[in-house]
Each structure stands twice: as C-alpha cells, then as structure tokens.
Amino acid sequence: MKHLPGADPELVLLSLRYEELERIPLSDMTREEINQLVQDLGFYRKETPDAPVPEEFQFAPAKSLPILLHPQAPTADGKTPPKYDKEEHPDL
C-alpha cells in the first residue's frame with residue numbers, strides 16, 4: 001500500500017513485471033466489501049502478522065491474465081513498458 005494524501009483510495013493490481021493491470025476504486029466500499037474483494041481476487045490472508053505466506057501464494061493473486069503471457073508486450077500507446085526490480089519500482 002502506498003498512501004497518497006488527497007488521492008481517492010484505489011487498489012492497483014500489477015503484473016509480475018510491475019505493469020498495471022487494473023485499478024479498482026475503493027472510496028465507496030465498506031471495509032467488509034474490500035475484504036471480500038481481495039479474497040475474491042485470490043489474495044492470501046495470513047493467520048497472524050508474523051505467519052509465513054505459503055509458496056503458492058507468494059505472487060498472488062496469480063490470476064491468469066493475458067498480459068502475463070506476453071513478456072514485454074507493448075502498451076496501448078505502442079511503447080514497451082520499462083522493467084523494474086521490486087526495490088526500484090517508483091510506485092512501491
């Protein structure tokens with residue numbers, strides 16, 4: 001999560017290459033609706049904050065999306081998105 005003062009809250013789903021897949025506005029949703037949304041999307045909820053995340057959920061939600069199948073596919077404007085390592089991505 002990245003808090004942006006003054007911005008409406010939204011869930012941004014990224015591919016393994018940190019390419020934006022989808023933005024879901026959260027401002028009109030209740031806490032229960034948001035919890036259900038992330039569960040429906042396939043996110044894993046740990047039993048306790050210190051509990052390990054099972055290997056099959058390390059990159060969850062592992063939703064089959066076409067963008068994940070085509071490495072370095074051009075974006076809608078025809079440009080190839082930049083590659084980022086987890087530590088250097090500007091939005092994380």
Side-chain angles (χ1 to χ4, degrees):
M1 179 179 160
K2 182 175 184 181
H3 178 72
L4 300 174
D8 288 333
E10 57 185 6
L11 176 64
V12 181
L13 300 176
L14 304 174
S15 74
L16 293 175
R17 287 180 221 77
Y18 300 100
E19 298 161 331
E20 186 176 311
L21 301 174
E22 186 176 359
R23 284 182 180 259
I24 302 169
L26 302 175
S27 55
D28 293 332
M29 298 175 76
T30 64
R31 167 174 270 198
E32 291 79 21
E33 290 171 328
I34 294 169
N35 287 338
Q36 186 62 49
L37 171 66
V38 294
Q39 184 177 9
D40 292 346
L41 288 171
F43 283 92
Y44 176 78
R45 183 180 177 118
K46 298 191 294 184
E47 302 260 338
T48 64
D50 296 337
V53 176
E55 187 174 335
E56 64 268 23
F57 290 100
Q58 290 290 321
F59 297 103
K63 189 170 151 185
S64 296
L65 295 170
I67 196 163
L68 296 177
L69 302 176
H70 304 289
Q72 289 302 303
T75 60
D77 61 5
K79 297 178 182 176
T80 301
K83 289 183 181 179
Y84 295 108
D85 288 333
K86 186 175 186 177
E87 294 80 28
E88 65 182 63
H89 193 281
D91 292 334
L92 296 178

Exercise. What residues form a side chain to side chain contact (heavy atoms under 4.5 Å, CB included) with P54, not counting sequence neighbours?
Worked result: Y44, E56, F57
For this session: Search all heavy atoms of L14 against all heavy atoms of E20 and return the closest pair with its distance.
Result: CD2-CA, 3.7 Å
For this session: Not counting sequence neighbours, which residues clear side chain to side chain contact (heavy atoms under 4.5 Å, CB included) with T30? List them please.
Result: E32, E33
Exercise. What distance separates Q36 CD from R31 CZ, expressed to the nearest 0.5 Å?
Worked result: 14.5 Å
For this session: Check the surroundings of atom CG in D28: do more than 12 heavy atoms from other residues, nucleotides or ligands lie under 6.0 Å from it?
Result: no
Problem set entry | Set of residues satisfying side chain to side chain contact (heavy atoms under 4.5 Å, CB included) with respect to A51, sequence neighbours excluded | K46, T48
Exercise. Residues two or more places apart in sequence or in another chain: which of them pass side-chain hydrogen bond (donor to acceptor under 3.5 Å, both in side chains) with Q39?
Worked result: none
Problem set entry | L37: partners by side chain to side chain contact (heavy atoms under 4.5 Å, CB included), with sequence neighbours left out | L11, I24, L26, M29, L41
For this session: Using side-chain hydrogen bond (donor to acceptor under 3.5 Å, both in side chains) as the criterion, list what pairs up with D8, not counting sequence neighbours.
Result: none
